[in-house]
There are 2 protein chains.
Amino acid sequence: MVITISEKVLRRTRQRQRILEVLRATKGHPTADWIYSQVKPEFPRLSLGTIYRNLKLLKEQGEILELDFGSTFSRFDGRSENHYHFICRKCGEVFDVDMPLDNNLNKKATKTTGFDIEDHRLVFYGLCKGCLKIRERR
Amino acid sequence: MVITISEKVLRRTRQRQRILEVLRATKGHPTADWIYSQVKPEFPRLSLGTIYRNLKLLKEQGEILELDFGSTFSRFDGRSENHYHFICRKCGEVFDVDMPLDNNLNKKATKTTGFDIEDHRLVFYGLCKGCLKIRERR
DNA sequence: ATATCTGCAAATGGTTTGCGGAGGA
DNA sequence: TCCTCCGCAAACCATTTGCAGATAT
């Protein structure tokens with residue numbers, strides 16, 4: 001008797017490929033809807049359902065990150081390795097923060113909690129350069 | 001001519017009072033629905049809308065925190081001062097992490113980004129004690 | 001050949017909101 | 001009294017899902 005664990009084999013579809021390309025090409029942290037608007041012209045019959053299904057698959061494959069900062073919708077990030085973010089509390093824009101991961105935080109938290117801590121997410125809040133300028137002009 | 005900036009004066013209602021008490025009394029990070037189930041017995045006609053409206057008010061008053069960790073629903077925290085959290089990646093439970101705030105992180109991120117950074121949120125991921133035990137038993 | 005994927009449209013479900021009456025100040 | 005708050009129910013809206021046909025391997 002042979003037991004096989006069946007695992008879904010992903011196909012390479014043009015839609016999924018373009019979604020990933022669009023996500024990799026932007027520095028922003030777009031919503032599903034924005035990605036849809038970008039890819040739609042190439043696939044006039046494209047539906048939002050396809051966008052959501054592919055974003056989910058890409059996330060499961062570790063190709064992208066889903067970011068959820070408390071708004072009513074998700075944002076997606078074409079960089080899949082862990083990194084920090086900044087959200088402007090005025091305009092709501094999301095930026096990458098390219099500082100090194102502080103893995104000491106995991107150790108400290110492990111000591112504090114006794115849990116097995118593997119990872120962390122860090123988000124900064126404040127005013128971005130643009131909003132800072134507007135404020136200074138007053 | 002006198003210009004008055006009208007500001008809504010909150011009334012003290014029994015419903016809102018109980019919602020805050022329930023939230024302060026629990027160590028967990030309950031959902032709106034759980035809070036509803038706790039307060040409902042005292043107010044048989046209570047509606048979920050009232051829960052949501054009051055949670056929003058309490059948040060605006062700085063009495064509580066709304067936590068949004070990427071699930072489809074929010075959790076609420078009766079401790080309103082900033083503190084760190086841990087989420088078990090197996091059971092999904094949310095725990096407080098009582099380690100001191102690392103305000104150096106804000107300084108580092110300010111240096112990296114040039115933004116005016118005031119605050120940060122830090123969330124740890126891993127296995128909680130309970131789920132760790134289950135794994136060790138295998 | 002066949003299991004995955006797509007477009008379409010309807011469903012889902014947590015949260016919000018309009019309304020008329022209740023109740024706190 | 002007056003304005004905020006409540007209960008109720010409908011609306012909202014990002015996301016998910018069922019289905020039938022298309023497509024990648």
Side-chain angles (χ1 to χ4, degrees), chain A residues 4-23 29-61 63-77 92 94, chain B residues 4-23 29-61 63-77 92 94:
Chain A
T4 49
I5 299 173
S6 74
E7 195 170 325
K8 203 180 191 177
V9 175
L10 291 196
R11 289 174 181 168
R12 177 205 299 242
T13 68
R14 295 181 302 134
Q15 288 89 335
R16 182 153 58 241
Q17 208 159 293
R18 281 300 292 140
I19 289 170
L20 184 54
E21 282 171 19
V22 163
L23 213 32
H29 302 77
T31 62
D33 210 65
W34 184 88
I35 298 167
Y36 175 67
S37 74
Q38 296 301 108
V39 181
K40 176 86 170 175
E42 276 175 76
F43 304 90
R45 328 205 54 165
L46 184 68
S47 75
L48 255 179
T50 296
I51 299 289
Y52 279 109
R53 271 187 286 232
N54 279 309
L55 288 173
K56 194 178 176 188
L57 283 175
L58 289 168
K59 187 175 55 167
E60 287 167 4
Q61 298 292 309
E63 298 282 354
I64 65 174
L65 290 181
E66 181 171 3
L67 309 177
D68 201 310
F69 297 127
S71 36
T72 57
F73 48 83
S74 285
R75 294 173 170 278
F76 296 87
D77 194 322
V94 179
Chain B
T4 48
I5 298 173
S6 72
E7 195 169 325
K8 204 180 192 176
V9 175
L10 290 197
R11 288 175 181 165
R12 175 205 300 240
T13 68
R14 295 180 305 134
Q15 288 90 335
R16 182 154 56 242
Q17 207 160 293
R18 281 298 293 140
I19 289 170
L20 183 54
E21 281 171 19
V22 163
L23 212 33
H29 301 78
T31 62
D33 210 64
W34 184 88
I35 297 167
Y36 176 66
S37 73
Q38 296 301 108
V39 181
K40 177 85 169 174
E42 274 175 77
F43 305 89
R45 328 206 55 166
L46 184 68
S47 76
L48 254 179
T50 297
I51 300 289
Y52 279 108
R53 270 188 285 233
N54 279 309
L55 288 172
K56 194 177 176 188
L57 283 176
L58 288 168
K59 187 175 55 167
E60 287 166 4
Q61 298 292 309
E63 297 283 353
I64 66 174
L65 290 181
E66 181 172 3
L67 308 177
D68 200 310
F69 297 127
S71 36
T72 57
F73 49 84
S74 285
R75 293 173 170 279
F76 296 87
D77 194 323
V94 179

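Only heavy atoms go into these numbers, but all of them, side chains included; no hydrogens, no water, no symmetry mates.
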Identify the pairs formed between an N or O of the protein and an N or O of nucleotides 18-22 of chain D at a distance under 3.5 Å, and give each distance.
from: D:dG18; atom 1: O6; to: A:R53; atom 2: NH1; distance (Å): 3.2

[X] has an atom [atom1]; how far is it from atom [atom2] of [N], in whole Å?
X: A:L46; N: D:dT23; atom1: CG; atom2: P; value: 14 Å
X: B:R12; N: D:dC6; atom1: CZ; atom2: C1'; value: 18 Å
X: A:N54; N: D:dT16; atom1: CG; atom2: C1'; value: 14 Å
X: B:Q17; N: D:dC6; atom1: CD; atom2: C1'; value: 16 Å
X: A:L57; N: D:dT15; atom1: CG; atom2: P; value: 16 Å
X: B:L55; N: D:dC5; atom1: CG; atom2: P; value: 14 Å
X: A:Q15; N: D:dT23; atom1: CD; atom2: P; value: 9 Å
X: B:Y52; N: D:dC12; atom1: OH; atom2: P; value: 18 Å

*Can you tell me which residue pairs pass the salt bridge (Lys or Arg N to Asp or Glu O under 4.0 Å) test with a partner in residues 12-21 of chain A, sequence neighbours excluded?*
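Listed once each, the pairs are A:R18-A:E21, A:R18-A:E42.
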*With sequence neighbours left out, what residues match B:Y36 under side-chain contact (heavy atoms from CB on, under 4.5 Å)?*
B:K40, B:L46, B:L48, B:I51
Could you grab the distance from atom [atom1] of [X] to atom [atom2] of [Y], nearest 0.5 Å is fine?
X: B:F43; Y: B:I19; atom1: CZ; atom2: CD1; value: 8.5 Å
X: B:L65; Y: B:L55; atom1: CG; atom2: CG; value: 12.0 Å
X: A:I35; Y: A:I64; atom1: CD1; atom2: CD1; value: 7.0 Å
X: A:Q15; Y: A:R45; atom1: CD; atom2: CZ; value: 12.0 Å
X: A:R75; Y: A:W34; atom1: CZ; atom2: CH2; value: 11.0 Å
X: B:L57; Y: B:R11; atom1: CG; atom2: CZ; value: 12.5 Å

*Would you mind telling me which residue lines up with the more 5' stretch of DNA chain C, B:F76 or A:P44, judged by nearest nucleotide?*
A:P44
_Closest-nucleotide mapping onto DNA chain C: is A:R45 or B:T72 further toward the 5' terminus? I mean the 5' end._
A:R45
*For A:L23 and A:P30, which heavy atoms make the closest approach, and how far apart are they?*
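Scanning both residues completely, I find the closest heavy atoms to be CD1-CG, 3.5 Å.
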*Using a heavy-atom cut-off of 4.0 Å to chain A, what are the terminal contacting nucleotides of DNA chain C, in 5' to 3' order?*
C:dT2 to C:dC8
*Who are the salt bridge (Lys or Arg N to Asp or Glu O under 4.0 Å) partners of B:K59, not counting sequence neighbours?*
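With neighbours one apart ignored, the set is B:E66.
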*Let me know, please, whether B:T13 or A:L10 comes out on the 5' side of the other along DNA chain D by nearest nucleotide.*
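Comparing both residues, the 5'-ward one is B:T13.
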_Which residue lies more 5' along DNA chain D, comparing A:R75 with B:R14 via nearest heavy atoms_ = B:R14
*For A:D33, answer base if it contacts any base atom (sugar-phosphate contacts may also be present), sugar-phosphate if it contacts only those atoms, and nothing otherwise; contact means non-hydrogen atoms under 4.0 Å.*
nothing
*asked:* Could you tell me if the side chain of B:S74 sits less than 4.5 Å from the side chain of B:L67, heavy atoms only?
replied: no
*Among D:dG7, D:dT15, D:dA14, find the nucleotide with the atom closest to the side chain of A:S74.*
D:dT15
*Looking at five pairs on each end of the helix from C:dA1-D:dT25 to C:dA25-D:dT1, what is the angle between the two axes, given to 10 degrees?*
40°
*Is a donor on one side and an acceptor on the other found under 3.5 Å between the side chain of A:H29 and the backbone of A:V94?*
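Yes, because the side chain of A:H29 sits within donor-acceptor range (under 3.5 Å) of the backbone of A:V94.
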